[in-house]
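To start, the structure under review is shown below, and the notes come after it.
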Amino acid sequence: MKVSRTKAEENRRAVVKEAAKLFREHGIDGVALSGIMGAVGLTQGGFYKQFGSKDDLAVEACEQAMAANIDTLNSLITSSNGDVMAAIIDRYLSPEHRSNPAVGCTIAALVADVARREGPLRQSFENGIRGYSAVIEKALSCCQGEKQNDMDALAILSMMVGALMLSRAVEDENLSRRILEAAADAIPGCNKTAASADL
(Lines give C-alpha, C1' and ligand atoms only; values in the text may rest on other atoms or scores of the structure.)
Protein backbone atom coordinates (compact mmCIF):
# COMPACT_ATOMS: atom_id res chain seq x y z
CA MET A 1 0.00 0.00 0.00
CA LYS A 2 1.40 3.37 -0.98
CA VAL A 3 1.99 5.79 1.88
CA SER A 4 1.48 9.54 1.67
CA ARG A 5 4.40 11.89 1.34
CA THR A 6 3.71 13.18 4.84
CA LYS A 7 3.74 9.66 6.30
CA ALA A 8 6.89 8.79 4.36
CA GLU A 9 8.66 11.82 5.82
CA GLU A 10 7.41 10.91 9.28
CA ASN A 11 8.78 7.39 8.81
CA ARG A 12 12.10 8.78 7.62
CA ARG A 13 12.44 10.99 10.70
CA ALA A 14 11.62 8.04 12.94
CA VAL A 15 14.27 5.88 11.25
CA VAL A 16 16.93 8.59 11.58
CA LYS A 17 16.09 9.19 15.24
CA GLU A 18 16.17 5.48 16.08
CA ALA A 19 19.38 4.95 14.13
CA ALA A 20 21.05 7.80 16.03
CA LYS A 21 20.09 6.12 19.28
CA LEU A 22 21.09 2.58 18.27
CA PHE A 23 24.35 3.64 16.62
CA ARG A 24 25.42 5.46 19.79
CA GLU A 25 24.50 2.49 21.93
CA HIS A 26 25.96 -0.33 19.81
CA GLY A 27 28.24 1.29 17.21
CA ILE A 28 27.49 1.70 13.52
CA ASP A 29 28.65 -1.79 12.61
CA GLY A 30 26.88 -3.27 15.63
CA VAL A 31 23.42 -2.44 14.31
CA ALA A 32 21.68 -4.16 11.40
CA LEU A 33 19.31 -2.30 9.13
CA SER A 34 16.62 -4.82 10.04
CA GLY A 35 17.04 -3.88 13.70
CA ILE A 36 16.63 -0.18 13.00
CA MET A 37 13.61 -0.64 10.77
CA GLY A 38 12.01 -3.16 13.10
CA ALA A 39 12.42 -0.81 16.06
CA VAL A 40 10.17 1.73 14.33
CA GLY A 41 7.71 -0.83 13.00
CA LEU A 42 8.86 -0.83 9.38
CA THR A 43 10.25 -3.53 7.12
CA GLN A 44 13.79 -3.54 5.81
CA GLY A 45 12.44 -3.45 2.28
CA GLY A 46 11.30 0.12 2.79
CA PHE A 47 14.76 1.29 3.75
CA TYR A 48 16.06 1.84 0.24
CA LYS A 49 13.06 3.95 -0.69
CA GLN A 50 14.34 6.48 1.86
CA PHE A 51 18.13 6.06 1.96
CA GLY A 52 20.84 5.16 -0.53
CA SER A 53 22.85 3.09 1.95
CA LYS A 54 23.51 2.46 5.61
CA ASP A 55 26.38 4.94 5.40
CA ASP A 56 23.97 7.62 4.16
CA LEU A 57 21.74 6.91 7.14
CA ALA A 58 24.74 7.04 9.47
CA VAL A 59 25.67 10.51 8.20
CA GLU A 60 22.15 11.84 8.67
CA ALA A 61 21.70 10.18 12.06
CA CYS A 62 25.01 11.46 13.38
CA GLU A 63 24.35 14.98 12.13
CA GLN A 64 20.95 15.00 13.79
CA ALA A 65 22.30 13.61 17.07
CA MET A 66 25.22 16.05 17.18
CA ALA A 67 22.90 18.98 16.47
CA ALA A 68 20.71 17.88 19.38
CA ASN A 69 23.78 17.50 21.63
CA ILE A 70 24.95 20.98 20.72
CA ASP A 71 21.48 22.42 21.36
CA THR A 72 21.52 20.84 24.81
CA LEU A 73 24.87 22.43 25.64
CA ASN A 74 23.69 25.78 24.32
CA SER A 75 20.61 25.55 26.54
CA LEU A 76 22.89 25.11 29.55
CA ILE A 77 24.58 28.40 28.67
CA THR A 78 21.28 30.28 28.55
CA SER A 79 19.79 28.62 31.63
CA SER A 80 22.83 28.62 33.92
CA ASN A 81 22.74 31.18 36.71
CA GLY A 82 26.34 30.71 37.73
CA ASP A 83 29.51 29.21 36.33
CA VAL A 84 28.53 28.24 32.78
CA MET A 85 31.51 25.95 32.28
CA ALA A 86 30.70 24.16 35.53
CA ALA A 87 27.16 23.53 34.30
CA ILE A 88 28.48 22.00 31.08
CA ILE A 89 31.13 19.91 32.80
CA ASP A 90 28.75 18.72 35.51
CA ARG A 91 26.28 17.56 32.87
CA TYR A 92 28.80 16.02 30.51
CA LEU A 93 31.03 14.29 33.07
CA SER A 94 28.20 12.77 35.09
CA PRO A 95 27.68 9.08 35.82
CA GLU A 96 24.24 9.41 34.23
CA HIS A 97 25.76 10.54 30.92
CA ARG A 98 28.36 7.79 31.12
CA SER A 99 25.67 5.15 31.64
CA ASN A 100 23.38 6.32 28.83
CA PRO A 101 25.38 6.43 25.58
CA ALA A 102 22.24 5.98 23.44
CA VAL A 103 21.09 9.50 24.30
CA GLY A 104 24.47 11.08 25.02
CA CYS A 105 27.41 12.62 23.22
CA THR A 106 27.68 11.36 19.65
CA ILE A 107 31.39 12.08 19.47
CA ALA A 108 32.30 9.97 22.50
CA ALA A 109 30.00 7.14 21.41
CA LEU A 110 31.10 6.90 17.78
CA VAL A 111 34.53 8.45 17.38
CA ALA A 112 36.27 5.06 17.10
CA ASP A 113 33.83 3.96 14.39
CA VAL A 114 34.24 7.17 12.43
CA ALA A 115 38.04 7.13 12.69
CA ARG A 116 38.02 3.93 10.61
CA ARG A 117 35.90 5.44 7.85
CA GLU A 118 36.36 8.01 5.15
CA GLY A 119 34.11 10.39 3.28
CA PRO A 120 30.92 12.18 4.32
CA LEU A 121 30.66 10.65 7.79
CA ARG A 122 34.10 11.95 8.75
CA GLN A 123 33.21 15.36 7.36
CA SER A 124 29.98 15.48 9.36
CA PHE A 125 31.92 14.51 12.47
CA GLU A 126 34.45 17.24 11.82
CA ASN A 127 31.59 19.73 11.56
CA GLY A 128 30.19 18.40 14.82
CA ILE A 129 33.53 18.77 16.59
CA ARG A 130 33.68 22.38 15.42
CA GLY A 131 30.14 22.90 16.71
CA TYR A 132 30.93 21.48 20.14
CA SER A 133 34.09 23.58 20.31
CA ALA A 134 32.14 26.73 19.41
CA VAL A 135 29.72 26.10 22.29
CA ILE A 136 32.61 25.69 24.72
CA GLU A 137 34.19 28.89 23.41
CA LYS A 138 30.88 30.66 23.99
CA ALA A 139 30.74 29.27 27.53
CA LEU A 140 34.30 30.42 28.18
CA SER A 141 33.44 33.92 26.98
CA CYS A 142 30.63 34.02 29.57
CA CYS A 143 33.15 33.41 32.34
CA GLN A 144 34.68 36.86 32.36
CA GLY A 145 37.90 37.01 34.28
CA GLU A 146 37.82 33.31 35.11
CA LYS A 147 40.77 30.96 34.68
CA GLN A 148 38.87 28.93 32.10
CA ASN A 149 39.88 31.43 29.46
CA ASP A 150 43.45 30.16 29.75
CA MET A 151 42.41 26.74 28.40
CA ASP A 152 41.61 26.19 24.75
CA ALA A 153 38.09 25.00 23.87
CA LEU A 154 39.43 22.07 21.82
CA ALA A 155 41.59 20.97 24.76
CA ILE A 156 38.55 21.02 27.03
CA LEU A 157 36.47 19.09 24.48
CA SER A 158 39.25 16.52 24.07
CA MET A 159 39.48 16.07 27.84
CA MET A 160 35.71 15.71 28.20
CA VAL A 161 35.36 13.19 25.38
CA GLY A 162 38.40 11.18 26.44
CA ALA A 163 37.30 11.00 30.07
CA LEU A 164 33.80 9.89 29.10
CA MET A 165 35.19 7.16 26.83
CA LEU A 166 37.60 5.90 29.50
CA SER A 167 34.90 5.93 32.18
CA ARG A 168 32.79 3.67 29.97
CA ALA A 169 35.65 1.26 29.32
CA VAL A 170 36.20 0.10 32.92
CA GLU A 171 34.07 -2.18 35.10
CA ASP A 172 35.16 -0.75 38.45
CA GLU A 173 32.53 1.86 39.37
CA ASN A 174 34.89 3.71 41.70
CA LEU A 175 37.56 3.98 39.01
CA SER A 176 34.97 5.10 36.49
CA ARG A 177 33.80 7.90 38.79
CA ARG A 178 37.40 8.88 39.56
CA ILE A 179 38.09 9.28 35.84
CA LEU A 180 35.11 11.62 35.49
CA GLU A 181 36.05 13.57 38.62
CA ALA A 182 39.72 13.86 37.61
CA ALA A 183 38.79 15.39 34.27
CA ALA A 184 36.28 17.73 35.92
CA ASP A 185 38.87 18.83 38.46
CA ALA A 186 41.44 19.48 35.72
CA ILE A 187 39.25 21.95 33.86
CA PRO A 188 39.58 25.38 35.49
CA GLY A 189 36.40 26.82 36.88
CA CYS A 190 34.61 23.50 37.40
CA ASN A 191 32.98 23.31 40.82
CA LYS A 192 33.92 19.64 41.21
CA THR A 193 30.41 18.22 41.49
CA ALA A 194 30.49 16.03 38.40
CA ALA A 195 30.10 12.81 40.33
CA SER A 196 26.63 13.79 41.60
CA ALA A 197 25.37 15.81 38.65
CA ASP A 198 22.20 14.83 36.82
CA LEU A 199 22.28 14.25 33.08
Side-chain angles (χ1 to χ4, degrees), residues 1-80 84 87-88 90-92 94 96-139 157 160-161 164-165 168 197-199:
M1 188 172 81
K2 188 173 182 179
V3 298
S4 69
R5 182 174 295 179
T6 301
K7 183 61 176 174
E9 185 55 38
E10 181 183 312
N11 288 345
R12 180 186 180 87
R13 285 194 301 269
V15 170
V16 171
K17 183 176 181 180
E18 188 65 24
K21 177 182 172 184
L22 292 173
F23 287 157
R24 282 178 285 179
E25 188 171 8
H26 302 290
I28 295 170
D29 292 330
V31 181
L33 290 179
S34 58
I36 297 169
M37 299 301 282
V40 295
L42 300 171
T43 64
Q44 187 173 344
F47 176 84
Y48 292 102
K49 294 178 182 176
Q50 297 279 2
F51 305 95
S53 66
K54 184 179 179 182
D55 283 349
D56 290 343
L57 173 60
V59 170
E60 194 167 334
C62 289
E63 286 177 348
Q64 182 192 79
M66 284 190 285
N69 295 154
I70 291 167
D71 285 347
T72 297
L73 294 180
N74 271 317
S75 72
L76 290 175
I77 293 176
T78 58
S79 65
S80 176
V84 178
I88 289 175
D90 286 350
R91 175 84 171 249
Y92 193 96
S94 68
E96 292 78 12
H97 188 193
R98 174 207 62 201
S99 299
N100 292 282
V103 293
C105 175
T106 310
I107 296 174
L110 293 174
V111 67
D113 289 29
V114 174
R116 296 183 183 96
R117 285 176 156 76
E118 296 180 354
L121 186 57
R122 285 187 76 146
Q123 184 59 55
S124 71
F125 241 67
E126 183 177 319
N127 293 338
I129 289 168
R130 292 179 194 279
Y132 273 78
S133 181
V135 173
I136 294 172
E137 285 179 5
K138 186 194 298 185
L157 177 61
M160 289 166 49
V161 170
L164 186 61
M165 292 174 68
R168 288 174 174 167
D198 290 333
L199 180 64

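Quick caveat, the model's predicted, so the values are computed rather than measured.
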Between [Y] and [X], is there a side-chain heavy-atom distance shorter than 4.5 Å?
X: F47; Y: I36; result: no
X: K49; Y: R12; result: no
X: F51; Y: V15; result: yes
X: L121; Y: C62; result: yes
X: K17; Y: Q64; result: yes
X: V16; Y: L57; result: yes
X: Q50; Y: L42; result: no
X: I107; Y: V114; result: no

What closest approach, in Å, do [X] and [Y] show between heavy atoms, and which atom pair accounts for it?
X: A87; Y: L76; value: O-CD1, 3.9 Å
X: G35; Y: L22; value: O-CD1, 4.2 Å
X: V135; Y: I77; value: O-CD1, 3.6 Å
X: R117; Y: D55; value: NE-OD1, 3.9 Å
X: H97; Y: R91; value: CB-O, 3.8 Å
X: Q44; Y: L33; value: NE2-CB, 4.0 Å

From [atom1] ([X]) to [atom2] ([Y]), nearest 0.5 Å:
X: L164; Y: R98; atom1: CG; atom2: CZ; result: 9.0 Å
X: M66; Y: R24; atom1: CE; atom2: CZ; result: 10.0 Å
X: L110; Y: F125; atom1: CG; atom2: CZ; result: 5.0 Å
X: D113; Y: T106; atom1: CG; atom2: OG1; result: 12.0 Å
X: C105; Y: I70; atom1: SG; atom2: CD1; result: 9.0 Å
X: K54; Y: I28; atom1: NZ; atom2: CD1; result: 8.0 Å

Working for side chain to side chain contact (heavy atoms under 4.5 Å, CB included), residues Q123 and E63: CA-CA 10 Å; Q123 184 59 55; E63 286 177 348; over 6 Å; no
Ionic contact status for E126 with R122, cut-off 4.0 Å: no
Ionic contact status for R13 with E10, cut-off 4.0 Å: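 Looking at E10 and R13, the cut-off is not met.
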Donor-acceptor contact present, side-chain S75 to main-chain T72, <3.5 Å: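 Confirmed, S75 side chain pairs with T72 backbone.
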